[in-house]
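In what follows, a single structure is set out as structure tokens and then discussed.
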Number of protein chains: 2
Amino acid sequence: MRPTAAAKTIARDYYPSFITPAKGAGNLREYPKINNILRYRPGQIIVFEGDVIDYLYEIVTGTVKTYKILNDGRRLITGFHAMGDIIGLPTDGRYFHSAETITEVTVCCYRKGQIEKLMGSNPNLAKKIVKMAFGRLQDSYEQMVSLGRKRPDERVATFLLNCQKWATVQIPSQNVMINLPMSRLDIADYLGLTQETVCRVFSLFKHAGLITLVRPDQIILKNSPQLSKLANLSE
Amino acid sequence: MRPTAAAKTIARDYYPSFITPAKGAGNLREYPKINNILRYRPGQIIVFEGDVIDYLYEIVTGTVKTYKILNDGRRLITGFHAMGDIIGLPTDGRYFHSAETITEVTVCCYRKGQIEKLMGSNPNLAKKIVKMAFGRLQDSYEQMVSLGRKRPDERVATFLLNCQKWATVQIPSQNVMINLPMSRLDIADYLGLTQETVCRVFSLFKHAGLITLVRPDQIILKNSPQLSKLANLSE
DNA sequence: CGCCTGCTTGATGACAATCAAGTTTAGTGG
DNA sequence: CCACTAAACTTGATTGTCATCAAGCAGGCG
């Protein structure tokens, strides 16, 4: 199914807006003619777990979460994704997990078949895709350690430090301001906790002087070394 | 460093035994001249997390576990691996996790550089590697759901069903006998539990008639449908 | 201004970790 | 082959932690 049709059936309030294809910059976008820009509002579903992969979506702006759901509704968020990340992988038949927008999002979408064809003729692109997949693999192992063996405070510390990748502003004195576009519930479902526990750990960190909660979605890391110690990161 | 040297420094009681290179069959072994067969005894370490990847190891016989360790000793086993699985991935600099033998193991080892060169000229091999990586990725997401959102009994059920891949004997009446070469502690460290909890769940399943414990390392699945229901598998 | 949603804090209880003891299995040597 | 030892597994009792249930608070939008 074409992405417009798909989006229409998925989200009733989706408004298709094809914009002029972006050029230059970005991961896949250096290969023009095969892409379209789509725009989503917050809380819209881009793809469903288990659906046949027809298209790959490269995130241009905004934040996306991917997740899996058990049949009684329990949810695990497998990752948060931003600019340059790709939803859906070539060579595989079906989406591993569902993808839903958190903020307003623009994506650049490609026919899977065309990407695969390009990969065949262009070893550099193939290498990029492989590298991306391996990066994800490494991240997911790191996350498995969090979920399986870390305490809640350690998981949150790990999460916050990983969020530095998303950091917009670098504040003087090595403090980092990070943006958390996702809800507490999202963070909880990512860390295998409840939102209450996530809140409590945030409060704990605040009172311990490790962080400052400017707003619920804006946090300043005031003591990264201490957080790193807690996080027990391998890298 | 060459694998022999590495193995020597790693395990004091390692006995290097280069055998004639295997030919035909297997994943990578169709490309001869670049491989050597190595043999390990139970409990020996093949590679350390964080070490520079010089070699890739394809498992020929036996079972291997891969794991990550936190600085206070907590361990998470990221996977169990058997025939055809490859330890270490090309294009990446360092091993994600440590690999240790559970049973006696023979591996076929390849210089990473040579595999990469082959991948460049042989798109089929490249595709195979990518497919393998994607398969791992899918498995790891499934495992993340277990670790983050499933109850202990559900995790064990999931684990047992996944073990059917390793099943040696298919017993009449659709019962499956599975071999568990790993210890309870290994299973616990794989599922993010303690060995006591794993034991208790096994006992629970036994008394519920779901399984039979022939020996601690031999289990018959007597009611796979019920286990599947518990496991909440997506596939 | 007031409702609604998302966040925070508090009280309680369930469940799995921990601590501990006992049992089985496997391995070793007489 | 059997006795002995060590390791792995199992079961029990207790504790601590995090989920659950519940209520209050703050910010955003109509």
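Below, read A as the first sequence line, B as the second, and so on, with proteins coming before strands; counting in each chain starts at 1.
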Take atom NZ of A:Lys222 as the centre, draw a 6.0 Å sphere, and report whether it contains more than 12 heavy atoms from other residues, nucleotides or ligands.
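12 or below, so no.
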Where the side chain of [X] meets the backbone of [Y], is there a donor-acceptor pair that is under 3.5 Å apart?
{"X": "A:Thr103", "Y": "A:Thr63", "value": "yes"}
{"X": "B:Gln218", "Y": "B:Arg215", "value": "no"}
{"X": "B:Ser183", "Y": "B:Asp186", "value": "yes"}
{"X": "A:Lys150", "Y": "A:Val156", "value": "no"}
{"X": "A:Arg184", "Y": "A:Pro216", "value": "yes"}
{"X": "A:Ser98", "Y": "A:Glu49", "value": "yes"}
{"X": "B:Thr106", "Y": "B:Leu38", "value": "no"}
{"X": "B:Arg155", "Y": "B:Ala231", "value": "no"}

A:Pro216 or A:Thr197: which one's nearest nucleotide on DNA chain D is closer to the 5' end?
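Whichever sits nearer the 5' end wins; that is A:Thr197.
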[X] [atom1] to [N] [atom2]: how many Å, rounded?
{"X": "A:Phe202", "N": "C:dT9", "atom1": "CZ", "atom2": "P", "answer": "12 Å"}
{"X": "A:Ile211", "N": "C:dC7", "atom1": "CD1", "atom2": "P", "answer": "14 Å"}
{"X": "A:His207", "N": "C:dT8", "atom1": "NE2", "atom2": "P", "answer": "11 Å"}
{"X": "B:Leu185", "N": "C:dA17", "atom1": "CG", "atom2": "C1'", "answer": "14 Å"}
{"X": "B:Leu193", "N": "C:dC15", "atom1": "CG", "atom2": "C1'", "answer": "12 Å"}
{"X": "B:Leu204", "N": "C:dC15", "atom1": "CG", "atom2": "C1'", "answer": "13 Å"}
{"X": "B:Arg151", "N": "C:dA16", "atom1": "CZ", "atom2": "P", "answer": "8 Å"}
{"X": "B:Arg200", "N": "C:dG22", "atom1": "CZ", "atom2": "C1'", "answer": "13 Å"}

Side-chain N,O (A:Ser183) to OP1/OP2 (C:dG6) below 4.0 Å:
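False: A:Ser183 side-chain N/O out of range (4.0 Å or more) of C:dG6 OP1/OP2.
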So does A:Arg184 get a side-chain nitrogen or oxygen closer than 4.0 Å to the phosphate oxygens (OP1/OP2) of C:dT8?
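True: A:Arg184 side-chain N/O within range (under 4.0 Å) of C:dT8 OP1/OP2.
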Any N/O donor-acceptor pair, A:Arg215 side-chain to C:dT8 base, under 3.5 Å
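Between C:dT8 and A:Arg215, which were checked side chain against base, a qualifying N/O pair under 3.5 Å is absent.
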Could you give the angle between the helix axes at the two ends of the helix from C:dC1-D:dG30 to C:dG30-D:dC1, with five pairs per end, rounded to 10 degrees?
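Helix axis angle between the two ends: 40°.
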Chain A footprint on DNA chain D, 5' to 3' - any atom under 4.0 Å from a heavy atom
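Listing 5' to 3', DNA chain D meets chain A from D:dC18 to D:dC21.
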Closest nucleotide of DNA chain C for B:Gly192 versus for B:Asp217: which of these residues is on the 5' side?
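Nearer the 5' end of the strand: B:Gly192.
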Minimum-distance nucleotide (side-chain atoms of B:Glu196 versus C:dA26, C:dA11, C:dT18):
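Among C:dA26, C:dA11, C:dT18, the one nearest the side chain of B:Glu196 is C:dT18.
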